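Notes follow once the structure below has been shown.
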Amino acid sequence: MKVVIIIPTYNEKGNVERLITILEEEIFPTIKNHDMNILVADDNSPDGTADEVKKLMNKWKNLDINVGEKHGLGAAYVRAMTYAIDKMGAEVMFEMDADLSHDPKKVPIFLQKIDEGYDFVIGTRYSQGGSIPSNWGINRKMFSIFGNLLVRFILLKFAIHDWTGGFRALKKEVFLKEKNELTAFRGYTFQVSFLNKVVRDGFKVAEVPIHFTDRTLGRSKIAPKEYIIDLLKYIITASIKEKLLGPFGKFLVVGGIGFILQAVILRVLVEVFNVNPSVSNLLGAVVAIFSNYNLNNLWTFRSEKFVGFGQYLWKMLNFYATSATGVIFIQTGIIFLGDNLIGRKFYFLYFIVGTGVLLIYNFTMYRFVIWRKRPH
Ligand code: GDD
Ligand code: MN
């Protein structure tokens, strides 16, 4: 396959020459089954990085450069990946720092994962066999470790250990699929937002442990304060969107509709038809649960929708049983406990807590029992 290693540079004179030389002379000759190329993505570095690369282009025909304006690391990658695909015919692309923090010896291992069928391979510093530099100051260490934990806990995605790292390999299809959504976060946060979309869309992701080496020349371009603010902005909004627009949000909407239905039926039966309020409430509940069941089946969990009539009826019975169990044992149970253990004064609080726990119970039962994911 045609592989393009993209190296973003901003004032990396010296570093980029060293990295290119190692790749060309030591690494590429060991890779027989791929056509290896390098693309430097420079943002008009004032130190003359581009001139250094252009000189090397006379020596190495598989080396190219793409120069543009400086809009941050993410913007440089999006621009360079577009160039690599359109102008160089790239099928696989690498992200790699210019400052030798990423060990070029890992390149063949990443490619092996691609050959095995993975779409997106990330170098990870935070799992067995990976590491961050021991000579990093405590601030930089904390920053990196906490940054990653923050991402995992706010997005509630634990399978991936290193979200922020910048040593990766990906198939061009992955970039083409996500490209249009990669414009909002153009700095270092790009790494997290890109990976999150890749996970969302079900691409196959592999992790390769890497040792991150501190640079010896030049300095880091990360502005920690801006980065952390930008990162928080992204993970918090992404998390809210994913959770509320996903099945849980739909489940809440469906439940809200059920609640309104039950309330309307109760009032109409009592006030227009003079029916006893308890009987009216039960009738309302039966209709509300019916509506909840069908809306959840057709909308919230539509990918697991029931098609056969027998299964539809059987699952509806399960649904009624689950709903009744939840209301009787969980919601009412919590009110009962509060009333007896703490006192009547806070009865409405028990109702709120009981309803909260009930929602979690219901959602869990629906998601993992009634509409359990089946192989398609
Ligand atoms: N073209 C371009 N434009 N290149 C940039 C820019 C930019 O605005 N900002 C940084 N770079 C280049 C640098 O020249 C370097 O080659 C690479 O991107 C990484 O930048 P560093 O400044 O060396 O970042 P770091 O070592 O502090 O950060 C590392 O860890 C981060 C957090 O885990 C990198 O691996 C990042 O990719 C990673 O997100
Ligand atoms: Mn660096």
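Counting begins at 1 with the first residue of the sequence. Each ligand, and each atom within it, is numbered from 1 in the order the structure gives. Since we're looking at a predicted model, the values are computed, not measured.
Note that the CZ atom of Arg219 and the CD atom of Glu12 stand 10.5 Å from one another [nearest 0.5 Å].
For atom 21 (P) of ligand 1, the closest non-hydrogen atom of the protein is Tyr188 OH, 3.5 Å. At the shortest separation from atom 32 (C) of ligand 1 among protein heavy atoms lies Thr164 O, 3.7 Å. Ala41 O, 3.0 Å is the protein heavy atom nearest to atom 1 (N) of ligand 1. Atom 13 (C) of ligand 1 has its closest protein heavy atom at Glu12 OE2, 3.2 Å. When hydrogens are left out, the protein atom nearest atom 30 (O) of ligand 1 is Arg140 NH2, 3.7 Å; that is the closest non-hydrogen contact. Scanning the protein heavy atoms around atom 3 (N) of ligand 1, the nearest turns out to be Asp43 OD2, 2.6 Å. Scanning the protein heavy atoms around atom 22 (O) of ligand 1, the nearest turns out to be Lys221 N, 2.5 Å. Taking atom 27 (O) of ligand 1 as the reference point, the nearest protein heavy-atom neighbour is Ser220 OG, 2.5 Å.
The distance from ligand 1 to the heavy atoms of Phe212 drops below 4.0 Å at these ligand atoms: 26 (O), 29 (C), 35 (O). Contact atoms of ligand 1 toward Lys70: 7 (C), 8 (O) (distance under 4.0 Å to a heavy atom of the residue). Applying the 4.0 Å criterion to heavy atoms of His102 picks out, from ligand 1, the atoms 35 (O). Close approach of ligand 1 to Arg215 (heavy-atom distance below 4.0 Å) involves ligand atoms 21 (P), 22 (O), 23 (O).
At a heavy-atom distance under 4.0 Å, only side-chain atoms of Gln191, from C-beta outward, approach ligand 1.
Between Asp97 and ligand 1, a contact under 3.5 Å exists for at least one N or O pair. Remark: ligand 1 and Tyr227 share no N or O pair separated by less than 3.5 Å (distance only, no angle test).
Contact between Arg125 and ligand 1 is present, with at least one heavy atom of the residue lying under 4.0 Å from the ligand. Under the 4.0 angstrom criterion for non-hydrogen atoms, Ser101 is not in contact with ligand 1. Ligand 1 lies out of reach of Ser144, whose nearest heavy atom is not under 4.0 Å from it.
Residues Tyr312 and Asn294 bring a donor and an acceptor atom of their side chains to less than 3.5 Å of each other. A donor atom on one side chain and an acceptor atom on the other are found under 3.5 Å apart for Asn196 and Lys157. Judged purely by distance below 3.5 Å, without hydrogens or angles, the side chains of Tyr366 and Thr322 never pair a donor atom with an acceptor atom.
Using a 4.0 Å cut-off between charged side-chain N and carboxylate O, Lys54 and Asp42 make no salt bridge.
Protein contacts to the Mn ion (ligand 2) involving N, O or S atoms at a distance below 2.8 Å are Asp99 OD2.
For Asp201, the salt bridge (charged side-chain N to carboxylate O under 4.0 Å, His left out) partners at least two apart in sequence or on another chain are Lys177. Legend: residues meeting side chain to side chain contact (heavy atoms under 4.5 Å, CB included) with Trp299, ordered by chain and number and at least two apart, are Lys250, Val253, Val254, Arg302. For Lys179, the salt bridge (charged side-chain N to carboxylate O under 4.0 Å, His left out) test picks out no residue, with sequence neighbours left out.
Relative orientation of the Trp371 and Phe306 rings is parallel, given thresholds of 30° and 60° on the angle between their planes.
With Met36 as the partner, the side chain to side chain contact (heavy atoms under 4.5 Å, CB included) test is satisfied by one option alone out of Ile31, Ile27, Val92, Val4: Ile31. Evaluated for a side chain to side chain contact (heavy atoms under 4.5 Å, CB included) with Ile154, the options Leu231, Ile240, Ile235, Leu149 yield exactly one hit, Ile235.
Taking the ring axis of Tyr10 as reference, the NZ or CZ atom of Lys70 stays within 45° of it and closer than 6.0 Å to the ring centre.
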